[in-house]
> 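Below: one structure in structure tokens.
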Protein chains: 2
Amino acid sequence: MPLITRCEKNEKRERSLALRDAIELLGGKWKICILQNLSLYGTMRFKDLQEEVAGISSKVLTKELQQLEQNFLVVRTINNTKPVTVSYSLTEHAYETRNVFNALLEFGAKHRAVVKSGGG
Amino acid sequence: MPLITRCEKNEKRERSLALRDAIELLGGKWKICILQNLSLYGTMRFKDLQEEVAGISSKVLTKELQQLEQNFLVVRTINNTKPVTVSYSLTEHAYETRNVFNALLEFGAKHRAVVKSGGG
DNA sequence: CAGTATCCAAAGGGATACTG
DNA sequence: CAGTATCCCTTTGGATACTG
């Protein structure tokens, strides 16, 4: 445990908080995938999302979308159609998660290579 | 749901898999924090980690470290001291998670600003 | 110091059926 | 179509105590 002054430690603590926030906001099995799909397609209906995010149930999708909406990452729009349809899209702010999933993507791809070659 | 050819869809599916892998590898409440600390300090003992990753219990820390080791992200070294100490450090490969937590960090910080200003 | 062991509560999440 | 409702199992992880 080297060479970190108290000042540097405080900076570190503050960054840890931002990190924790981000992990809580984007955590879980599905949120990143949902955001990525919305980022890719722009606007999607509930059913489209359920098809693209393979394996998610409607119950879970509902809950995830509600949480994302509460955190200002997703906008829900009710369309005046028959039957009623609902559209989801990202907020401006949510596009800043792009770096996150790009980084995850890159890491995931490299990890596969590492595992194939036997680790380390 | 616009304009995505079957070919593009296949690419997308493959990327989804890498994304899923990464989420599983780094998922949960603690792994990113642990990796970030190891990245920052270089080498840490069990107890150091438990202090820096505020709130984690020894049981959970043990399990997280084991998983990280199994996935070639962390190296565990037993030091020939009295009493025995154990050091943890990152593998080369693990340093590629840096982009992930930098992105998370940036997002977390911006998100706080958004929430303060009332959303959107 | 570096963990294990035990107990337990809460959250996550799948399956299925149902509704306006 | 876009969800709710219900059931129930699994995983997560906190608290506490203990060990070589």
Side-chain angles (χ1 to χ4, degrees), chain A residues 1-2 16 19-35 37-38 41-71 74-90, chain B residues 1-2 16 19-35 37-38 41-71 74-90:
Chain A
M1 288 272 283
S16 285
L19 196 58
R20 297 287 190 94
D21 280 5
I23 290 172
E24 213 186 311
L25 247 56
L26 306 178
K29 200 172 166 181
W30 304 111
K31 292 203 184 67
I32 292 277
C33 290
I34 292 170
L35 293 174
N37 274 283
L38 288 174
Y41 288 104
T43 294
M44 297 175 83
R45 292 189 304 176
F46 189 89
K47 198 202 173 199
D48 298 331
L49 271 168
Q50 202 175 353
E51 279 167 16
E52 290 297 319
V53 182
I56 198 168
S57 71
S58 58
K59 186 186 83 173
V60 174
L61 180 55
T62 300
K63 202 195 58 192
E64 300 286 88
L65 286 170
Q66 284 169 356
Q67 290 172 2
L68 290 170
E69 198 188 355
Q70 279 165 27
N71 291 319
V74 157
V75 175
R76 182 176 184 271
T77 309
I78 301 175
N79 305 305
N80 202 357
T81 54
K82 260 188 186 181
V84 165
T85 57
V86 179
S87 300
Y88 294 89
S89 56
L90 299 188
Chain B
M1 289 273 281
S16 285
L19 194 59
R20 296 286 190 95
D21 280 4
I23 290 173
E24 213 186 311
L25 249 55
L26 305 178
K29 201 172 166 181
W30 302 111
K31 291 201 184 69
I32 291 277
C33 290
I34 292 171
L35 293 174
N37 274 283
L38 288 175
Y41 288 103
T43 294
M44 297 175 82
R45 292 187 305 175
F46 188 89
K47 198 201 172 199
D48 298 330
L49 271 168
Q50 202 175 352
E51 280 167 15
E52 290 296 318
V53 181
I56 198 169
S57 71
S58 59
K59 186 186 84 173
V60 174
L61 180 55
T62 300
K63 201 195 60 191
E64 299 286 87
L65 286 169
Q66 284 170 356
Q67 290 173 2
L68 290 170
E69 198 189 355
Q70 279 165 28
N71 291 319
V74 157
V75 176
R76 181 176 185 271
T77 310
I78 301 175
N79 306 305
N80 202 357
T81 55
K82 262 188 185 179
V84 166
T85 56
V86 180
S87 301
Y88 293 90
S89 57
L90 298 188

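Residue numbers begin at 1 in each chain, while the letters A, B, ... track the order of the sequences.
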> Just the rounded figure in Å: distance from C1' of D/dT16 to CD of B/Gln50.
13 Å
> Among the candidates D/dC1, D/dA2, D/dG13, find the nucleotide nearest to the side-chain atoms of A/Phe46.
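That would be D/dA2.
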> Taking donor-acceptor contacts at under 3.5 Å, does the side chain of A/Ser57 reach the base of C/dT16?
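Not at all, since no donor on one side and acceptor on the other fall under 3.5 Å apart.
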> Just compare D/dA17, D/dA2, C/dC1 and give me whichever is closest to any side-chain atom of B/Lys47.
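Output: C/dC1.
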> Nearest whole Å is fine: how far is D/dC1 P from A/Asp48 CG?
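Taking CG of A/Asp48 and P of D/dC1, I get 9 Å after rounding.
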> Give the rounded distance in Å between these two atoms: CD of B/Glu64 and P of D/dT12.
8 Å
> Within this structure, what is the CG-CD distance for the pair A/Leu19 and A/Glu24, rounded to the nearest 0.5 Å?
12.0 Å
> Can a side-chain donor-acceptor contact be found between B/Tyr41 and B/Glu52 if the only test is distance below 3.5 angstrom?
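Distance-only check passes for B/Glu52 and B/Tyr41.
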> When the distance from NZ of A/Lys31 to P of C/dG12 is rounded to whole Å, what number comes out?
7 Å
> Could you please name the partner base of C/dC1, counting Watson-Crick and G-U wobble pairs only when both distances are under 3.5 Å?
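Base partner found: D/dG20.
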> Return the 5'-most residue of the pair A/Arg76, A/Lys59 with respect to DNA chain D, ranking by each residue's nearest nucleotide.
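Closest to the 5' end, via its nearest nucleotide, is A/Arg76.
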> Using only heavy-atom distances, decide whether a donor-acceptor pair under 3.5 angstrom links the side-chain of A/Ser58 to the base of D/dT4.
yes
> Send over the distance from B/Leu61 CG to C/dC1 C1', rounded to a whole Å.
13 Å
> Is the shortest distance from a Lys or Arg side-chain nitrogen in A/Lys31 or A/Glu64 to a carboxylate oxygen in the other one below 4.0 Å?
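A salt bridge links A/Lys31 with A/Glu64.
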> To the nearest Å, how far apart are A/Glu24 CD and C/dA11 P?
12 Å
> Using whole Å, what does the distance between atom P of nucleotide C/dG3 and atom CE of B/Met44 come to?
14 Å
> D/dG3 C1' sits how many Å from A/Asn79 CG, rounded?
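The distance from CG of A/Asn79 to C1' of D/dG3 comes to 15 Å, rounded to the nearest Å.
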> Applying a 4.0 Å non-hydrogen cut-off, can you work out what B/Thr85 is touching in the nucleic acid: base, sugar-phosphate, or nothing?
sugar-phosphate
> Looking only at side-chain atoms of B/Val86, point me to the closest of D/dG13, C/dA2, D/dT4.
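The answer is C/dA2.
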